[in-house]
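Take a look at the structure set out below.
Throughout, a chain's letter reflects where its sequence line sits, starting with A, and its residues are numbered from 1.
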Number of protein chains: 2
Amino acid sequence: MRIPQQERSRATQQRLLEATVDCLIEHGWSGTTTTLVAQRAGLSRGAQLHHYPTKAALVLAAVEHLAARRAEEIRVEAAALPVPELDRAVELLAAAFTGPLYVAALEIWVAARTDALLRTALVPLEARVGRELHRLAVDLFGADESRPRVREAVQATLDLLRGLGVANLLSDDSARRRSILAVWTGQLAEVLA
Amino acid sequence: MRIPQQERSRATQQRLLEATVDCLIEHGWSGTTTTLVAQRAGLSRGAQLHHYPTKAALVLAAVEHLAARRAEEIRVEAAALPVPELDRAVELLAAAFTGPLYVAALEIWVAARTDALLRTALVPLEARVGRELHRLAVDLFGADESRPRVREAVQATLDLLRGLGVANLLSDDSARRRSILAVWTGQLAEVLA
DNA sequence: GGCAAAACATGCAGGCTTGACTGTTTGTTT
DNA sequence: AAACAAACAGTCAAGCCTGCATGTTTTGCC
């Protein structure tokens, strides 16, 4: 009766999900095999299959886990921002679209395009995450969406960050990104003002 | 002595490369197996291995083929645009970032992130393609890059389109895209004017 | 203490992918 | 026409991935 099994089970599942996300980051979607995930989690394949009987089950759980982590990461950094300043707010969001977690999410999005099961599970989830992100951005920017063009400008900002994140995939792009964001932030300020 | 073998060879290689791109579009990166490509090209595996001895060779050739096709597609549509009008120009570029060819390119980018061979081959190629695309956009917009913020605005537009393309991966996003681009184009016009 | 269930470990079978090997047809050269 | 090279076809072995089946340990409960 050392460790309650419910807690132990939860901990093991967490380890598996973390390992899945790590594998996605390091080896990409096709490199993320169940065997590798089990190894990385320091678990036997048997234990893995006990918790997640199929690869689909594992990945779907990992997707939710990933979404939660991304949301939390953004929220934490947002909380560390005392004064609503546009430049810093955009910078903060940009970080969320260049980190490893975004990369993992991208791997899953691209894979889901041609994987019916993943896709159907992902679309509603991403819709929710997208709305949350939008809301967060609105708050960060101190934007008033009832004014014309504000809503579109905020969304454009997020989509721009998505694109910059893609451009950052293969080689470090931070210098270019900075100068682009500097200009866009100015434009954004005009719309929000 | 009907068909010169050089021409025949070229034709089969084209078929293989087209089949590779088609497979990328339909089945994604991990679904693109050499066997499937050979089948789709209506060729035996022997013939395939004769032309491209490894999968890496095949894919690298397909990447160049894809880049050429994307560039040509954009150039063709650009030529069909008589008067330089900003709205239409942005629309045209947006189409280039939502079509199947962009999807195929995205599959390769994401895969290249964790595939050293692909990556080293892709980085210089994409740098070139990126410059060409930028140049094309500048021409289409009739932009004067010597003026402040113009260069960044053009690049931001391309990165925004990249991001919108990603958002369009899983579900049709054209309505949202239209409204965002409408606002964006307005902002862009201010910078260019 | 004893029993059931959950957590975990290990080995195995089937399917798939890749690249190699051998053979055949078609084109080229002399 | 004869020898040679390229294009093409079919088959095979090795390796990997997934899921299952069978044990072993740990936990919960009586």
**Request:** Identify the heavy atoms of B/Arg113 and A/Leu170 that sit nearest to each other, and give their distance.
**Result:** N-CD2, 3.7 Å

**Request:** Taking all heavy atoms of B/Asp173 and all of B/Asn168, pick out the closest pair and write down the distance.
**Result:** N-OD1, 2.8 Å

Compare side-chain N and O positions of [X] against OP1 and OP2 of [N] and report whether any pair is under 4.0 Å apart.
{"X": "B/Ser9", "N": "D/dA7", "result": "yes"}
{"X": "B/His51", "N": "D/dC8", "result": "yes"}
{"X": "A/His50", "N": "C/dA7", "result": "yes"}

**ring-ring contact (aromatic ring centres under 6.0 Å, His included) partners of residues 145-191 of chain B, not counting sequence neighbours, each pair once** = A/Trp184-B/Trp184

So which protein N/O to nucleotides 17-23 of chain C N/O distances come out below 3.5 Å?
from   : atom 1 : to      : atom 2 : distance (Å)
C/dT18 : OP1    : B/Lys55 : NZ     : 3.1
C/dT18 : OP2    : B/Thr34 : N      : 2.7
C/dT18 : OP2    : B/Thr34 : OG1    : 2.7
C/dG19 : OP2    : B/Lys55 : N      : 3.1
C/dG19 : N7     : B/Arg45 : NH2    : 2.2

**Prompt:** Can B/Arg10 and B/Gln13 be counted as having a side-chain donor-acceptor contact under 3.5 angstrom?
**Reply:** no

Quick one: [X] [atom1] to [N] [atom2], roughly how many Å, whole number?
{"X": "A/Trp29", "N": "D/dC17", "atom1": "CH2", "atom2": "P", "result": "14 Å"}
{"X": "A/Leu43", "N": "C/dA7", "atom1": "CG", "atom2": "P", "result": "12 Å"}
{"X": "A/Leu16", "N": "C/dA7", "atom1": "CG", "atom2": "C1'", "result": "12 Å"}
{"X": "B/Glu7", "N": "D/dC8", "atom1": "CD", "atom2": "P", "result": "12 Å"}
{"X": "B/Gln13", "N": "D/dA7", "atom1": "CD", "atom2": "C1'", "result": "11 Å"}

**Request:** Go through the structure and list residues passing side-chain hydrogen bond (donor to acceptor under 3.5 Å, both in side chains) with B/His27, not counting sequence neighbours.
**Result:** none

**Request:** Please list, by residue number, the residues of residues 20-28 of chain A whose heavy atoms come closer than 4.0 Å to an atom of DNA chain C; answer none if no residue qualifies.
**Result:** none

**Nearest listed nucleotide, side chain of A/Arg8, among C/dA9, D/dA7, D/dT26** = D/dT26

Under 3.5 Å, sequence neighbours excluded: what are the donor-acceptor pairs made by side chains of residues 89-104 of chain B?
from     : atom 1 : to       : atom 2 : distance (Å)
B/Glu91  : OE1    : B/Arg88  : NH1    : 2.8
B/Thr98  : OG1    : B/Ala94  : O      : 3.1
B/Thr98  : OG1    : B/Ala95  : O      : 3.2
B/Tyr102 : OH     : B/Arg162 : O      : 2.9

**Prompt:** Can you name the residues that form a ring pair (Phe, Tyr, Trp, His ring centres under 6.0 Å) with B/Trp29, not counting sequence neighbours?
**Reply:** none

**Residue from B/Thr34, B/Val37, B/Thr33 passing side-chain contact (heavy atoms from CB on, under 4.5 Å) with B/Cys23** = B/Val37

**Asked** Should the pair B/Glu132-B/Arg75 be classified as a salt bridge under the 4.0 Å nitrogen-to-oxygen rule?
**Response** yes

